[in-house]
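Computed from a predicted structure; not experimentally measured. For this chain, numbers begin at 1 and follow the sequence in order.
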Amino acid sequence: MTNDQIIVPLDVPDLQSAIALVDQLPQVNFWKVGLELFTSSGPTILEVLKSRQKRIFLDLKFHDIPNTVAGACRSAANYGVDLLTIHATAGKDALKAATEAVQVGATQAGVKPPQLIAITLLTSISSRQLAFDLKIPVELPEYALEMALMAQESGLNGAVCSPQEVAQLRQTCGNDFLLVCPGVRPDWADKGDQKRSLTPAQAIKAGADYLVIGRPITAAAEPELAWNKIVEELTTQF
Ligand SMILES: O=c1ccn([C@@H]2O[C@H](COP(=O)(O)O)[C@@H](O)[C@H]2O)c(=O)[nH]1
């Protein structure tokens, strides 16, 4: 277990707040740029992070028809980021088109292609919501596994899943399939809108490659102390 396995989201409204957070937590090496920041401020933050030798998870969760996701993936691959997301529910054709597009985009830009990973089922969705709101008549763990397997068959590098499903996905998809877990909560932190969480140590033990931990750190009164507490809890267990 290394500190680089913890990815911290820059879920802030503007570039200035993002840079302030990066400056406040110099020990964080892997940052996630998501919909809020990218929509407000565009790709400038990616250059800022690169200039500080940080790794970047560009979590734009593409979900559209194959031709459109391919275009988006080609463009996103130009940025030279480490990880990029697409929803598995975009379907097999879109996943395959996205897989090819990241290679094309990265080659055109002369950068390393990002690892393309599929969202299996958002960690904010409960079993009850899956059945009653989304009307999906499949048990949640089986659904998440099927989405991961479709992503794997389509050539993606990995999946985003809740820590509660990661053991099953690891066992079925194997060790080369990257598994990234948001919805991770130390036992002292609020769960907020996350419905299927485990602690950082439980998620790593279950087979996660990376943990995405946001508000327990970024919304803490002292983010640096919260980061240190999580790292310490993990270090004592591994
Ligand atoms: O299924 C998913 C996919 C992505 N996320 C993202 O991870 C972070 C989690 O932040 P917390 O503050 O730790 O809840 C956030 O940026 C989400 O967009 C997710 O939570 N679940």
Please report the closest heavy-atom contact between [X] and [Y], naming both atoms and the distance.
{"X": "P223", "Y": "A220", "value": "CD-O, 3.5 Å"}
{"X": "K191", "Y": "S197", "value": "CE-OG, 3.0 Å"}
{"X": "S154", "Y": "L95", "value": "CB-CB, 3.6 Å"}
{"X": "I6", "Y": "V231", "value": "CD1-CG2, 4.1 Å"}
{"X": "I213", "Y": "P200", "value": "CD1-CG, 4.0 Å"}
{"X": "V104", "Y": "R74", "value": "CG1-CD, 3.8 Å"}

Counting C-beta onward and ignoring hydrogens, is there a side-chain heavy-atom pair between [X] and [Y] closer than 4.5 Å?
{"X": "R52", "Y": "I19", "value": "yes"}
{"X": "V48", "Y": "V22", "value": "no"}
{"X": "K32", "Y": "V8", "value": "no"}
{"X": "I117", "Y": "F57", "value": "yes"}
{"X": "D193", "Y": "R215", "value": "yes"}

Looking at [X] and [Y], would you say the former's side chain and the latter's main chain have a donor-acceptor pair under 3.5 Å?
{"X": "R196", "Y": "L122", "value": "yes"}
{"X": "Q202", "Y": "T199", "value": "yes"}
{"X": "N157", "Y": "L116", "value": "yes"}
{"X": "S41", "Y": "F38", "value": "no"}
{"X": "K50", "Y": "V81", "value": "no"}
{"X": "T120", "Y": "V160", "value": "yes"}
{"X": "E47", "Y": "T44", "value": "no"}

Q: State yes or no: do L134 and V138 share one hydrophobic cluster built from I, L, V, M, F, W and Y residues joined by side-chain heavy-atom distances below 4.5 Å, directly or via other members?
A: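 Hydrophobic grouping puts L134 with V138.
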
Q. Side chains of S40 and D14: is there a donor and an acceptor less than 3.5 Å apart?
A. no

